Amino acid sequence: MNPTFFIILAAAGLFIWSAGAYSFYRISRSQRAHARAKDTQPALRLAQQWMAEAQKKMEQFAQTAEQPLGTAQNELLELRLEAGRLPLGVKNLKLVRESLETASKPAGLGKGLAEMVGMYLDPAEFHAEESTLVYFITPMGDMPCLEVEGREDLSDGRMKAALARMTQALNRNPATGGFLYFTHPEHYQACLRNPAWMEGLKSLRLMVVNGEGLTALVASLRLARDADHVIEAFREGVESTRVLTGQSDRMSEALSRMSGHALKIRTALEGGAPSAPRDSKE
């Protein structure tokens, strides 16, 4: 007879036997599981329920925690990048200081006082009593600045009138002093050359300024206020990260503690002798 036929017949028999044995194994296993289910204690079913609920809560939290943690990570990276730009702000302030020393003709020279101040400061950063009298909001308090108007020669009468107006303006905060602004360079120089006028200005804590000096004052006020805002914003950003200190350690400790207990319990369920669980604070 053909040997191939016997080989095929044997293979078919082996396949049928294997299939039958596997089916018998599945049926037997199902029956045993069903029998165990019938004999399960209510306490065991409750324990299964508690662990199933705990597992479900962890699965749900793992899904919801990924996005905010990723956002926090990106935010921390952005904070570090912004902190790295602080030296650029310092450099910009240095460059402006250098420009003030070398400026030959700043923009706005010859403009009225309120208009000139408005080129640099926001309306909420100074008080304009009138077009020729403004109050700078400074770290020392409100400081008045009066513009000496007119193209005619500077006389004792005009200076006395200006000093009288400044004396009245200083009543708001006499300790701070103020500024007398001369639009025309010849008036500024004439004031500087008159010892009596300068002595009167000194007694009232008044400084005389020309266009360049006024530009320097308002520019420095502008950038000093901006620097305060930068420091405040960065300080708040840095402080917001302090609450993160130690959080990753607590998270790691809690997860490691649960993993350790799970391993000990599995060892006990499989017949081993685990050590007693320890409190995480030990």
Side-chain angles (χ1 to χ4, degrees), residues 92-94 96-232:
N92 287 333
L93 291 177
K94 179 182 178 182
V96 171
R97 290 180 61 195
E98 293 174 352
S99 296
L100 288 175
E101 295 176 356
T102 59
S104 57
K105 191 176 182 182
L109 293 184
K111 293 183 179 293
L113 176 62
E115 185 182 5
M116 183 124 173
V117 173
M119 291 177 58
Y120 294 88
L121 300 179
D122 295 333
E125 296 173 336
F126 68 97
H127 305 300
E129 293 286 322
E130 52 189 272
S131 62
T132 58
L133 177 63
V134 302
Y135 287 87
F136 299 135
I137 301 175
T138 76
M140 297 183 295
D142 292 355
M143 298 184 71
C145 181
L146 175 67
E147 176 184 356
V148 180
E149 300 178 279
R151 288 186 172 275
E152 62 271 19
D153 291 341
L154 197 60
S155 63
D156 282 334
R158 291 182 63 196
M159 282 298 298
K160 287 179 180 179
L163 290 177
R165 290 185 67 191
M166 286 300 292
T167 301
Q168 194 174 36
L170 287 170
N171 288 335
R172 180 180 297 189
N173 194 357
T176 60
F179 308 96
L180 206 60
Y181 168 49
F182 293 97
T183 306
H184 304 293
E186 59 272 19
H187 295 166
Y188 173 71
Q189 293 296 333
C191 182
L192 293 178
R193 290 193 296 266
N194 190 310
W197 293 348
M198 294 300 295
E199 189 63 29
L201 291 170
K202 182 179 179 181
S203 65
L204 294 175
R205 299 174 181 268
L206 296 176
M207 289 178 279
V208 293
V209 294
N210 58 6
E212 289 83 356
L214 180 62
T215 299
L217 286 174
V218 293
S220 65
L221 285 174
R222 165 76 281 146
L223 292 177
R225 185 171 294 272
D226 288 343
D228 288 341
H229 290 163
V230 169
I231 293 171
E232 179 182 2

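The model shown is predicted, which means the values in this text are computed figures rather than measured ones. FYI, side chains are in, hydrogens and waters are out, and symmetry mates aren't considered; it's all heavy atoms of this structure. Throughout, numbering of the chain's residues begins at 1 and tracks the sequence.
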Subject >> Least distance between heavy atoms, Cys145 atom then Tyr181 atom >> reply: SG-CB, 4.0 Å

Subject >> Reported CG-to-CE distance for the pair Leu214 and Met119, which is rounded to 0.5 angstrom >> reply: 10.5 Å

Original post:
Heavy-atom distance under 4.5 Å between the side chains of Ile137 and Arg225, does that happen here?
Top reply: yes

Original post:
Where is the tightest heavy-atom contact between Gly177 and Leu206, given as atom of each residue plus distance?
Top reply: C-CD2, 4.5 Å

**OP:** Please assess Met143 against Tyr135 for the test side-chain contact (heavy atoms from CB on, under 4.5 Å), listing each intermediate value before the final yes or no.
**Re:** CA-CA 5 Å; Met143 298 184 71; Tyr135 287 87; over 6 Å; no

Original post:
Do any N or O atoms from the side chain of His187 and from the backbone of Glu152 form a donor-acceptor pair under 3.5 angstrom?
Top reply: yes

Original post:
With a 4.0 Å cut-off, would you call Glu147 and Arg165 a salt bridge?
Top reply: no

**OP:** Answer whether the closest heavy-atom distance between the side chains of Gln189 and Asn210 falls below 4.5 Å.
**Re:** no

Original post:
Going through the distances and angles, do Arg97 and Lys94 end up as a side-chain contact (heavy atoms from CB on, under 4.5 Å)?
Top reply: CA-CA 5 Å; Arg97 290 180 61 195; Lys94 179 182 178 182; 5.6 Å; no

Original post:
Is it the case that more than 12 heavy atoms not belonging to Gln168 sit under 6.0 Å from its CD atom?
Top reply: no

Original post:
Do the side chains of Leu201 and Met207 get nearer than 4.5 Å, heavy atoms only?
Top reply: no

**OP:** Test Phe182 against Val208 for side-chain contact (heavy atoms from CB on, under 4.5 Å), laying out the working first.
**Re:** CA-CA 7 Å; Phe182 293 97; Val208 293; 3.8 Å; yes

**OP:** Would you please classify the geometry between the Phe179 ring and the Phe136 ring as parallel, tilted or perpendicular, with 30° and 60° separating the classes?
**Re:** tilted

Subject >> Student check: side-chain heavy atoms of Leu93 and Val96 closer than 4.5 Å >> reply: no

Subject >> Minimum-distance pair of heavy atoms, taken over all atoms of Leu204 and Leu170 >> reply: O-CD1, 3.4 Å

**OP:** For residues Leu113 and Leu133, determine if any side-chain heavy atom of one lies less than 4.5 Å from a side-chain heavy atom of the other.
**Re:** no

Original post:
Taking it one step at a time, do Thr183 and Tyr188 satisfy side-chain contact (heavy atoms from CB on, under 4.5 Å)?
Top reply: CA-CA 8 Å; Thr183 306; Tyr188 173 71; over 6 Å; no

Subject >> Heavy-atom side-chain contact between Met166 and Leu180 under 4.5 Å >> reply: yes

Original post:
Roughly how far, to the nearest 0.5 Å, is CG of Asn92 from OG of Ser99?
Top reply: 10.5 Å

Original post:
How long is the span from the CG atom in Leu217 to the CE atom in Met116, to the nearest 0.5 Å?
Top reply: 9.5 Å

Original post:
Is the shortest side-chain N to carboxylate O distance from Asp122 to Arg222 below 4.0 Å?
Top reply: yes

Subject >> Minimum heavy-atom distance Thr176-Asp142, with the two atoms named >> reply: OG1-O, 3.2 Å

Subject >> Note, Leu154 side chain near Met159 side chain (heavy atom, < 4.5 Å) >> reply: yes

